[in-house]
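Here the structure is a predicted model, which is why all the values come from computation and not from measurement. Whatever order the structure lists them in is the order used to number ligands and atoms, beginning at 1.
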Amino acid sequence: MSSALIFDIKPYSINDGPGIRITIFLKGCPLSCDWCHNPEGISPNLQKLYSKTKCIGCGTCVENCPVNALALTPEGINTNTDLCDLCGICADVCPTKAMEMSGSAVTVEEIMKRIRRETVMMDQSDGGVTISGGEPMMQSDFLIELLDELGREGIHRAVDTTGLAKTETLLEVARRTELFLYDLKMMDPQRHKRYTGVTNEKILDNLKILAASGGKYQYQDSLDQRS
Ligand code: SF4
Ligand code: SF4
């Protein structure tokens, strides 16, 4: 069974499709938008994050690091990335969550067990599951397997996408998805590149192909108002 790296699970989501939903956030995104609300979702890899503003300088992380990768300095905690093996102990012992790990590996079966705990909420609200990111199509084997499992259990499936993926993958996903939330950032290719790091030709092509295939989608281009 496939596994994926996720960075969040949000039950009771009301803005990610119809009804009340559980939203699964997969790591990895091909865009790097200036306004990104989930920067921990950009890297496809496990990460250790540090917030200087939350750090009280207690030194607990330094004392507990098994490989002495951390140092307390007047500017905050420094990490020797050559030594750090991302074991996560510093995040476990940090009292203020200034140190946190982003990314946990889960199998489809593990996610399905978590989703089934929300069956009543989903059924009573005509909700379902939304798979978001990052860009969920970057972990396409897991995504397709999860969508198949959800389909077998009759759960409504939405995929929140940037649209930047291989067209074959998009169409495979479309066959298993009731609704795409197509997050088209801007229509103008140059401005798209300026604000997201990539041009939007492939994203627009994929949207046309998705529409022609009969795939159901909602899209927004409200960010096109940026100057
Ligand atoms: S993740 Fe582990 S190895 Fe890396 S700094 Fe934290 S405790 Fe040390
Ligand atoms: S344990 Fe947390 S609060 Fe204490 S020094 Fe380390 S990062 Fe800062």
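Looking only at atom types and distance, the side chain of Ser140 has no donor-acceptor partner in the side chain of Glu172 under 3.5 Å away. With no hydrogens or angles considered, no side-chain donor-acceptor pair links Lys27 and Gln139 at under 3.5 Å. Thr130 and Asp160 share no side-chain donor-acceptor pair at under 3.5 Å. At a cut-off of 3.5 Å, with distance as the only test, no side-chain donor of Lys10 or Ser132 sits close to an acceptor on the other residue. With 3.5 Å as the limit, one finds no donor-acceptor pair spanning the side chains of Thr81 and Thr79. Using modelled atom types and a 3.5 Å distance limit, the side chains of Asp141 and Ser2 yield no donor-acceptor pair.
Close contacts of ligand 2 with Gly59, meaning ligand atoms under 4.0 Å from a residue heavy atom, involve 4 (Fe), 5 (S). Ligand-side atoms of ligand 2 in range of Cys55: 3 (S), 5 (S), 7 (S), 8 (Fe), range being under 4.0 angstrom from any heavy atom. Below 4.0 Å from some heavy atom of Thr96 lie the following atoms of ligand 2, by number and element: 3 (S). Set against the non-hydrogen atoms of Gly88, the atoms of ligand 1 under 4.0 Å away are 1 (S), 2 (Fe). Set against the non-hydrogen atoms of Leu70, the atoms of ligand 1 under 4.0 Å away are 5 (S). Below 4.0 Å from some heavy atom of Val67 lie the following atoms of ligand 1, by number and element: 3 (S). Of all atoms in ligand 2, numbered sequentially from 1 with element shown, those under 4.0 Å from a heavy atom of Cys94 are 1 (S), 2 (Fe), 3 (S), 7 (S).
Ring planes of Phe25 and Phe7: tilted class, angle from 30 to 60°.
If you look at Leu86 next to ligand 1, the close heavy atoms, those under 4.0 Å, all belong to the backbone. Neither the backbone nor the side chain of Leu83 comes within 4.0 Å of ligand 1, counting heavy atoms alone.
Nearest protein heavy-atom neighbour of atom 3 (S) of ligand 1: Asp85 OD1, 3.3 Å. In terms of protein heavy atoms, atom 4 (Fe) of ligand 1 is closest to Cys84 SG, 2.3 Å. Cys90 SG, 2.3 Å is the protein heavy atom nearest to atom 6 (Fe) of ligand 1. Among protein heavy atoms, the minimum distance from atom 8 (Fe) of ligand 1 is reached at Cys65 SG, 2.3 Å.
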(request) For salt bridge (charged side-chain N to carboxylate O under 4.0 Å, His left out), just list the numbers for Glu153 and Arg116, CA-CA rounded to whole Å, side-chain angles, deciding distance to a tenth of an Å, and then say yes or no. (result) CA-CA 10 Å; Glu153 300 196 16; Arg116 288 185 196 111; 2.8 Å; yes
(request) Check step by step if side chain to side chain donor-acceptor pair (under 3.5 Å) holds for Glu201 and Thr199. (result) CA-CA 6 Å; Glu201 283 93 345; Thr199 60; 2.7 Å; yes
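Going from atom CG of Leu210 over to atom CD1 of Ile203 covers 13.0 Å, rounded to the nearest 0.5 Å.
Within the 2.8 Å limit, Cys87 places at least one N, O or S atom next to atom 2 (Fe) of ligand 1. At least one N/O/S atom of Cys61, whether from backbone or side chain, sits less than 2.8 Å from atom 6 (Fe) of ligand 2.
Contact between Pro95 and ligand 2 is present, with at least one heavy atom of the residue lying under 4.0 Å from the ligand.
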